2 protein chains.
Amino acid sequence: MTTRSSTDAARVIPEATVARLPVYLRALTALADSGIRTCSSEDLATAAGVNSAKLRKDLSYLGSYGTRGVGYDVDYLRYQIAREIGVTQDWPVVIVGIGNLGHALANYSGFRSRGFRVVALLDADPGIVGQTVAGVVVRPFDDLEEIVREHDVAIGVIATPAVAAQDVADRMVAIGITSILNFAPAVVAVPEGVDVRKVDLSIELQILAYHEQRKANGADAAPATDGGAA
Amino acid sequence: MTTRSSTDAARVIPEATVARLPVYLRALTALADSGIRTCSSEDLATAAGVNSAKLRKDLSYLGSYGTRGVGYDVDYLRYQIAREIGVTQDWPVVIVGIGNLGHALANYSGFRSRGFRVVALLDADPGIVGQTVAGVVVRPFDDLEEIVREHDVAIGVIATPAVAAQDVADRMVAIGITSILNFAPAVVAVPEGVDVRKVDLSIELQILAYHEQRKANGADAAPATDGGAA
DNA sequence: AGGAGTTTGTGAACGCGGGAACAAAATGGA
DNA sequence: TCCATTTTGTTCCCGCGTTCACAAACTCCT
């Protein structure tokens, strides 16, 4: 129905679908590494831990990249999803706050292999600035603007203590960063047009604790889990 | 309508609400630390970064803990939410996989301060076993069962490489762990009754990248026949 | 005491996402 | 060529979650 050329970026993809595309991408990479060239929606859905109908609907938002009666070409679909997400190119990223978590993030190889390149590590603590982490020298937080301009950075990662998070976010936004991944246990407010995603380690544990408590409390039934695999 | 006593655990709280309760808890703690004794739903909603109507509806699933015309008693509400989530007691947790991320998790003070106690660090690598991390000696993965029985552990954290994740999960489930927090970039399948939550660092970045790409691609411009080639 | 002003708790409308079921399209065999 | 088989792409329906809007309940001032 909709005329969609291969460079048509005007289609609207539901948020829920966008959040699953990286999972499909990972599953496809795993399949490709196993030497599998073609797969059905059922196969891929199993590998990704979702329902096959949901998978097909998700993929249909991207276009018709499968062949009825046959399935999907693993490499082709992988490329199409990568292109849609935008990870065929490398995204430069800065990490602010080189504590325990920042350390781990700087060393995380999954970033580079999935389309991201850490161009700088920043910290406000003079005791940390100058240290070498993951082969990179930690620079003072005030260098943020220079680094962002030099590498045209659009994505920033906050791994500072909670109290510093809002300040860092404000500074990032002022300099032109438009996407923030926040690991600090704090709500950061940003103006319209800036995306923030948050990852809170203890919140995830608390959610598990809630369900765990209910299991223990006898209760009536199993608390429907989110992605419980079959 | 529903008769709800303070110890009634049969009420069903929507998943979306459960996921926000820890955020409210954090916001309340922040308010309490600022010396604020009472707050309105508007205040708390702002602090938590949500809509006040949503906040009130969420809290209404727990009971009527506010006072009309006045607001909420910060400490009282905080206790009620903590009790509902189940973090008035301490939950013992084991962390498997003491690489970069496991290291950071072991050192993360937010766990202990929010109701969780890391009772053991485990790794399958003999080169890591025996090291002291966060004041705890890393033990061999095979000690899992002994530790889980000794401390009555219900929650396990997986911070291993992707290939090991499913094995570790299977082992955890076999031993009786019923809640898993998975940091490995892999889908883990578990039987019914076991809860799994996953945190994938690069997936979060990929979601940001998708939106970033769309911002760059001519944004919301009217979808002319030709995809904006600007 | 009574009314004005606040703020909570909730009923109802609405929109999004999930899942089943089916039509459309491709392959392969007779 | 034509039919059976397979698997995708899509439509329809349902349930959950979000939001609006308002009645109920409490305080404070006169």
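What's counted below: heavy atoms across the whole structure, side chains too, no hydrogens, waters or symmetry copies. In this text the structure is predicted, and so the values were computed from the model without any measurement. By convention in this document, chain letters (A, B, ...) are assigned in the order of the sequence lines, proteins followed by strands, and residues within each chain are numbered from 1.
- Across all their heavy atoms, Pro185(B) and Arg114(A) have their closest contact at CB-NH2, 3.8 Å.
- Thr46(A) places a side-chain N or O within 3.5 Å of a backbone atom of Glu42(A) that can act as its donor or acceptor partner.
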What verdict does the side chain to side chain contact (heavy atoms under 4.5 Å, CB included) test give for Arg83(B) and Arg78(B), after you've listed the backbone C-alpha separation in whole Å, the side-chain angles of each residue and the deciding distance to 0.1 Å? CA-CA 9 Å; Arg83(B) 190 179 53 79; Arg78(B) 186 154 67 118; over 6 Å; no

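- Side-chain N or O atoms of Lys198(B) include none that pairs as donor or acceptor with a backbone N or O of Leu181(B) at under 3.5 Å.
- For the pair Ser41(A) and Arg56(A), the tightest heavy-atom approach, listed with the atom from each and the gap, is OG-NH1, 3.1 Å.
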Contacts under 3.5 Å, N or O only, protein and nucleotides 24-30 of chain C:
{"unit_1": "dA24(C)", "atom_1": "N3", "unit_2": "Arg68(A)", "atom_2": "NH1", "d": "2.8"}

Assess whether side chain to side chain contact (heavy atoms under 4.5 Å, CB included) is satisfied between Ile81(B) and Leu28(B), documenting all intermediate values. CA-CA 10 Å; Ile81(B) 293 179; Leu28(B) 284 167; 3.8 Å; yes

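- Less than 4.0 Å separates DNA chain C from at least one heavy atom of each of the following residues of residues 36-57 of chain B: Ser40(B), Ser41(B), Arg56(B), Lys57(B).
- The side-chain heavy atoms of Val157(A) and Leu105(A), taken from C-beta on, include a pair separated by under 4.5 Å.
- Atom CG in Leu62(B) sits roughly 14 Å away from atom C1' in dT8(C) (whole-Å rounding).
- Between Arg20(A) and Tyr72(B), the residue anchored nearer the 5' end of DNA chain C, judged by the nucleotide with its closest heavy atom, is Tyr72(B).
- Here the side chain of Lys215(A) pairs a donor or acceptor atom with the backbone of Gly193(B) at under 3.5 angstrom.
- Distance Asp58(A) CG to dG17(C) C1': 10 Å, rounded to the nearest Å.
- Comparing the helix axis at one end of the helix from dA1(C)-dT30(D) to dA30(C)-dT1(D) with that at the other, each defined from 5 consecutive pairs, gives an inter-axis angle of 10° (nearest 10°).
- The shortest side-chain heavy-atom distance between Ile180(A) and Arg197(A) does not fall under the 4.5 Å cut-off.
- In this structure, Glu15(B) atom CD and dG15(D) atom P are separated by 19 Å, rounded to whole Å.
- Side-chain contact annotation: Tyr24(B) with Asp58(B), donor-acceptor N/O pair under 3.5 Å present.
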